[in-house]
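Report on the following structure.
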Amino acid sequence: MQLSELELIRREKLNQLRELGINPYPAALYPVNHTSKQIKQNFEEEKKVTIAGRLMSRRIQGKASFAELQDAQGRIQVYFNRDEICQGEDKTLYNDVYKKLLDIGDFVGVEGELFTTQVGEKTVMVKNFTLLSKALKPLPQPRVDAEGNVHDAFTDPEQRYRQRYADLVVNPHVKEVFVKRTRLFNAMRNFFNERGYFEVETPILQPIPGGAAARPFVTHHNSLDIPLYMRIANELYLKRLIVGGFDGVYEFSKNFRNEGMDRTHNPEFTAMEIYVSYKDYNWMMEFCEELLEYCAIQVNGTTEATFGEHKIDFKAAYPRITMADAIKKYTSFDITGKTEAEIRKAAKDLGVPVDDTMGKGKLIDEIFGEKCEGNFIQPTFITDYPKEMSPLCKEHRDNPELTERFELMVCGKEIANAYSELNDPIDQRERFEAQLKLAEKGDDEATQFIDFDFLRALEYGMPPTSGMGIGMDRLIMFLTNNASIQEVLFFPQMRPEKKVVQVELNEEEKAVLETLKKVEKLPLEELKAQSGLSNKKWDKTIKHLTANKLAKVEKIEEVLIVKLL
RNA sequence: GACCUGGUAGCUCAGUUGGUAGAGCACCUCCCUUUUAAGGAGGUGGUCCUGGGUUCGAGCCCCAGCCAGGUCACCA
């Protein structure tokens, strides 16, 4: 491993600490009794505290020094004074251990007393300190000036995502995003539990990947000798539990889809799905807006949120508009009662790209996606989707061409999708078969498996049920004003880092070295000529050899000589 | 998948027809006992993403590749 100068210095400090009898990685519990936040909130002069954290900045002024300690709650200033720490003659603990052998990033425990400095900063006067863990790699060190400008911010997304641990240490606003993320999950869980709904777990490895149209990841189970798929949705399993007699079940589901990655798609993402018996999609709309209003308040303290240029408000109730009305509003075209040919012509006239394989439902969806979707900034329910796009959804009670389905749009993106669930087993079987036919024809969006076990479950009878799925990553993006899903995942998927290339000699370098070995030293021009290499190649070769201390170039009386080392 | 932009010190970034690689911070050595982007003096530190090519000479120009970000396409 190639170490930088800074890393070598820190390793040397490690040795010096051990020579002084200080274990840089002690095992013992450290009796922390305050956090930085508690100190600031309940500040009392001369109160004794024991705290621990990372050393994040230092201002050394001879025999005294101010530093900042960062713990999970924030930062607190600590004051190291030589004669406070070293009461006797031996000043090693301050002069050497603190000033020379500690570094930014080290974990330190501090026992001290609170006081306020002349400039009014709440500070811990260090009486004793303990090195708890030495950091061997230097952290980036962003700093904030008096005007609040951040200098040397650690901003490169690649480095931040690959080394999220460093990102979290030095970028407090990043940590805040994840605190809010967990608050959102807790809020939602709380909302459901208070209403008596039951959190469950269902299989992630599935013999049939169902509940959505998406390409799955495949793996293989050795003992069973069968392929298993990582789940793309948990819908079919949750409905089996409704069949089994639960009133309401929900699950936060890690789903996996083997598709493209961009700033709104990660191969694994988190959805929440909930199913409640004896309800319909109208009930679910009210439930959804109450839920989101509650969650927004729990996360941000307000129903309002900023997303890019948009101000959005999650306060219930949200407008509802049917898909047909939405299309009429934004295109002046009324799809009601129109034939497939008429709709295709309308789409072409509107400049929406279509082809002949598209059915009526798909055409409507294309028009909506192209012309309407982006217009819904404030939370809005779009209802009553065409039947052929929704194979798991119950037919609309008033119109057999539609389904009882809604999606919630925010800032032009879908964040929730809900149905009055299809519970007619014969209808469900026919819809699966229709999907299978589409798949056989080559429609890669159609589901290519029939889950017969799910149909068997429906045949035992499923009560009328409404279900809803929420994209948790999307939702937290809106609540924290992040345009990229990577900013709301601790560890977004990245291409593997390139392996560090081993220092090895290539053929040219070996040849030059062989030539040199015979004669020990040779004028550079002569060696270059013998090598027969191009200028650039020669340059690279000789530099590589000298850099690895295999050869040396010396200038003797205006002539460059290459010597073997 | 296509196109655009970027990759230089631990971090943030400069880098002029193509002519000895720079700054601030960090780091190291010294001075400094209530500072706060502490200050002062001196110093160290580089695979200029990788591999080819053009050239007397490439961080810079050309080709190929890798990685990232963005736009679009595809996809929930």
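Everything quoted here is computed from the prediction, not taken from an experiment. Note on naming: letters A, B, ... go to the chains in the order of the sequence lines (proteins, then strands), and numbering restarts at 1 for each one.
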Answer with base, sugar-phosphate or nothing: what part of the nucleic acid does [X] contact at a heavy-atom distance below 4.0 Å?
| X | result |
| --- | --- |
| Arg162(A) | sugar-phosphate |
| Asn417(A) | nothing |
| Thr264(A) | nothing |
| Gln486(A) | sugar-phosphate |
| Glu7(A) | nothing |
| Glu68(A) | nothing |
| Ile9(A) | sugar-phosphate |
| Glu5(A) | base |

Between [M] and [N], how far apart are the [atom1] atoms? Round to whole Å, please.
| N | M | atom1 | result |
| --- | --- | --- | --- |
| A64(B) | C75(B) | C1' | 30 Å |
| U20(B) | C31(B) | C1' | 35 Å |
| C48(B) | A14(B) | C1' | 13 Å |
| U50(B) | U34(B) | P | 48 Å |
| C4(B) | C62(B) | P | 13 Å |
| G40(B) | C32(B) | C1' | 9 Å |
| C67(B) | U54(B) | P | 28 Å |
| G52(B) | C13(B) | C1' | 29 Å |

Nucleotide nearest [X] (side chain, heavy atoms from C-beta), chosen from [options]:
| X | options | result |
| --- | --- | --- |
| Gln159(A) | A76(B), C27(B), C11(B) | C11(B) |
| Thr123(A) | A76(B), C13(B), U35(B) | U35(B) |
| Asp145(A) | A37(B), C13(B), C25(B) | A37(B) |
| Arg59(A) | G70(B), A76(B), A38(B) | A38(B) |
| Glu158(A) | G69(B), C28(B), C67(B) | C67(B) |
| Arg143(A) | U35(B), A76(B), A26(B) | A26(B) |
| Arg257(A) | A76(B), C11(B), C27(B) | A76(B) |

Got a sec, which residues hit ring-ring contact (aromatic ring centres under 6.0 Å, His included) with [X], two or more places apart in sequence or on another chain?
| X | value |
| --- | --- |
| Phe115(A) | Tyr79(A) |
| Tyr385(A) | none |
| Tyr318(A) | Phe381(A) |

### Query
So do Leu408(A) and Pro379(A) actually touch side chain to side chain, heavy atoms under 4.5 Å?
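Contact flag for Pro379(A)/Leu408(A) side chains = yes.
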#### Entry: With sequence neighbours excluded, residues passing side-chain hydrogen bond (donor to acceptor under 3.5 Å, both in side chains) with Asp71(A)
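So Asp71(A) forms a side-chain hydrogen bond (donor to acceptor under 3.5 Å, both in side chains) with Ser36(A).
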### Between Phe256(A) and Phe269(A), ring centroids under 6.0 Å
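No - the distance between ring centres of Phe256(A) and Phe269(A) does not fall below the 6.0 Å cut-off.
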### Neighbour count >12 (heavy atoms, 6.0 Å) for atom CD, Glu45(A)
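Result for CD/Glu45(A): enclosed.
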[X] [atom1] - [N] [atom2] separation (whole Å):
| X | N | atom1 | atom2 | value |
| --- | --- | --- | --- | --- |
| Asp365(A) | C75(B) | CG | P | 10 Å |
| Lys40(A) | U36(B) | NZ | C1' | 13 Å |
| Ile485(A) | G69(B) | CD1 | P | 13 Å |
| Arg495(A) | G69(B) | CZ | C1' | 13 Å |
| Arg58(A) | A37(B) | CZ | P | 18 Å |
| Arg10(A) | C28(B) | CZ | C1' | 13 Å |

### Task
Mind checking salt bridge (Lys or Arg N to Asp or Glu O under 4.0 Å) for Asp156(A) and listing every partner two or more places apart, or none if nothing turns up?
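For Asp156(A), no residue satisfies salt bridge (Lys or Arg N to Asp or Glu O under 4.0 Å) once neighbours in sequence are set aside.
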### Task
Starting at the 5' end of nucleotides 29-34 of chain B, put B wherever the base has a protein heavy atom under 4.0 Å, S where only the sugar-phosphate does, and a dash everywhere else.
-S-BBB
### Message
Pick the closest RNA chain B nucleotide for Ser484(A) and for Arg474(A) by heavy atoms, then say which residue is nearer the 5' end.
### Response
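So the residue in question is Ser484(A).
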### Message
Please compare Glu407(A) and Ser4(A) by the position of their nearest nucleotide in RNA chain B and report the one closer to 5'.
### Response
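In this pair, the answer is Ser4(A).
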### Task
Look at the aromatic rings of Phe252(A) and Tyr250(A) and report parallel, tilted or perpendicular, splitting at 30° and 60°.
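Phe252(A) vs Tyr250(A) ring planes: perpendicular.
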### Query
Under 4.0 Å between a side-chain N or O of Lys13(A) and OP1 or OP2 of C27(B)?
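Looking at the OP1 and OP2 atoms of C27(B), neither is under 4.0 Å from any side-chain N or O of Lys13(A).
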### Query
Considering only heavy atoms and no angle criterion, is a donor-acceptor pair shorter than 3.5 Å present between the side chain of His151(A) and the base of C25(B)?
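No.
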### Query
Has the side chain of Asp152(A) got a donor or acceptor that lies under 3.5 Å from a partner of the other kind on the base of G24(B)?
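Such a pair exists between side chain and base.
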### Task
Test side chain to side chain contact (heavy atoms under 4.5 Å, CB included) on Met188(A) and Met472(A) and set out the steps.
CA-CA 10 Å; Met188(A) 221 176 246; Met472(A) 296 301 288; 3.6 Å; yes
